[in-house]
Amino acid sequence: MFLIRADGNGKIGAGHLMRCLAVAEALAPAVGRERICFICADRESGALASEHGFESRILGTDYRDMEAELPGWEALAEALREEKEGQASPDVILADSYQVTDEYLTALGRYGRVALMEDFGTHRYPVDCVINYNAPADQEHYERLYAGKRTRLLIGSRYVPLRGQFRKPLACQVREAVRNVLITTGGGDSENIAGNILERTIRENICFHLVTGRFNPHFRELKAWEARCDNVRIYHDVKDMAELMGKCDLALTAGGSTIYELAALGIPFICFSYAENQEALTAYIGKREIAGYAGAWHKDSAGTLNRMEKLFTEFVRSRQRRQDCSAKEGAMTDGKGSVRLAEALMELGGMEKV
């Protein structure tokens, strides 16, 4: 069994679950969907996994207190073993949460080999495998951090877990004029960042495609934009994001996996961070001029919005700048990271790659 411990809800957004779902989708053809199970704290999280065709088990706990769920793990593991009788390979557990502790991960080790997806590289965790797919992540730093341990290290953007639709990148044509713009700010967006960006950048001759997540509390406000503006489209639960991105000439995006999706397709973008865990990636991109960098919203929302508007004007006016960004983005990821992670999890469970 391959167990995936992740949550996605209105408070933390869907990012952790979505990247794990990408790994699960890559793993399924080799091991079978019936051998993959998502373990979630609440029904809101489990519903998303189930909608993608994966079994989910609900712990009924607070996602912020993971140690409190440990008493339920023994019964859960035993029930899964009985239901999946005859499947000989040892369990592999992929954990993806900022709330994990050493005690929690050590306890999970009693039920299988443990892989941890993390973003910071500031602590040495008691696990069998560590994944940090962020472009700024430093392989040598991790080797020093885990020196003397047998922990497998999967570090760098070649491991970005993108969905299958991004494994065959579309050929991006940087057109002379910007006619379609994508705005995406994550699944939660409690501050209505998308609405603020739209208000500052909207132009009559450009169509704005705004993607909102299931947890966005400002969905009705955004739909109101669509009702009164012919050049605004609001999307919810987009199934083929690659197709939508491919239609756009420029994107305005928060940090996170969307940046890698755009990079895989070569779509020029302007990015910003809205949480601490996004700062390293967005600043990295800005420093290397891979794309436009507007700043850290969570530290200076007004300044970030001003820079976003200024950069937007510059990118719309300069085809050359958009072409330069498109060319640089391809070096970040080839879209096959989820396949590499699936193969690593299989090897962790003693299975050969297919």
Of all heavy-atom pairs linking S56 and S50, the shortest is OG-OG, 3.0 Å
Minimum heavy-atom distance between Q99 and Y63, given as atom pair plus value: CG-O, 3.4 Å
Using the salt bridge (Lys or Arg N to Asp or Glu O under 4.0 Å) definition, which of the options R150, R152, R113 pairs with D128? R113
CZ of R228: more than 12 outside heavy atoms within 6.0 angstrom? yes
Determine whether more than 12 heavy atoms belonging to other residues, nucleotides or ligands lie under 6.0 Å from atom CZ of R43. no
Would you confirm whether H141, through its side chain, and G121, through its main-chain N or O, come within 3.5 Å as a donor-acceptor pair? yes
In short, V211 meets M241 closest at the heavy-atom pair CG1-CE, 3.6 Å
Atom pair CH2/CG of W297 and D189 - distance to nearest 0.5 Å: 8.5 Å
Taking the basic N atoms (NZ, or NE/NH1/NH2) and the acidic carboxylate oxygens, is any pair closer than 4.0 Å for E69 and R5? yes
Would you say that more than 12 heavy atoms from the other residues, nucleotides or ligands in this model lie under 6.0 Å from the CD of E78, or not? yes
Under 3.5 Å, is there a donor-acceptor pair between the side chain of R307 and the main chain of A294? yes
Could you go step by step and tell me if F120 and Y98 meet the ring pair (Phe, Tyr, Trp, His ring centres under 6.0 Å) rule? CA-CA 10 Å; F120 300 106; Y98 294 153; 5.4 Å; yes
How far apart are the closest heavy atoms of A135 and Y284, and which atoms are they? CB-CE2, 3.7 Å
Just how far is it from atom CG of N180 to atom NZ of K247, taken to the nearest 0.5 Å? 9.0 Å
Is it true that, when you exclude R317 itself, more than 12 heavy atoms of the residues, nucleotides or ligands shown sit nearer than 6.0 Å to its CZ? no
Sidechain-backbone polar pair: E243 side chain, Q165 backbone, donor-acceptor under 3.5 Å: no
May I ask you to decide whether E74 forms a salt bridge with R110, counting only side-chain N to carboxylate O separations under 4.0 Å? no
Where does the angle between the aromatic ring planes of Y133 and Y260 fall among parallel (under 30°), tilted (30 to 60°) and perpendicular (over 60°)? perpendicular
Can you tell which of L262, I267, L250, D249 makes a side-chain contact (heavy atoms from CB on, under 4.5 Å) with L182? L262
Heavy-atom pair with the smallest gap, counting every atom of G255 and Q278: O-NE2, 2.9 Å
Rounded to the nearest 0.5 angstrom, the CG-CG distance for L21 and L48 is 5.5 Å
Could K223 and E226 be called an ion pair, given the rule that one side-chain N must be under 4.0 Å from one carboxylate O? yes
Kindly compute the distance separating CG (L210) from OG1 (T185), expressed to the nearest 0.5 Å. 6.5 Å
What is the distance from atom CD of E55 to atom CG of L80, rounded to the nearest 0.5 Å? 6.5 Å
Do the charged groups of E314 and R322 touch, with an N to O distance under 4.0 Å? no
Residue pair D62, R64: steps toward the salt bridge (Lys or Arg N to Asp or Glu O under 4.0 Å) verdict: CA-CA 5 Å; D62 185 340; R64 296 166 296 186; 3.0 Å; yes
Is the Y274 ring parallel, tilted or perpendicular to the F272 ring (thresholds 30°, 60°)? tilted
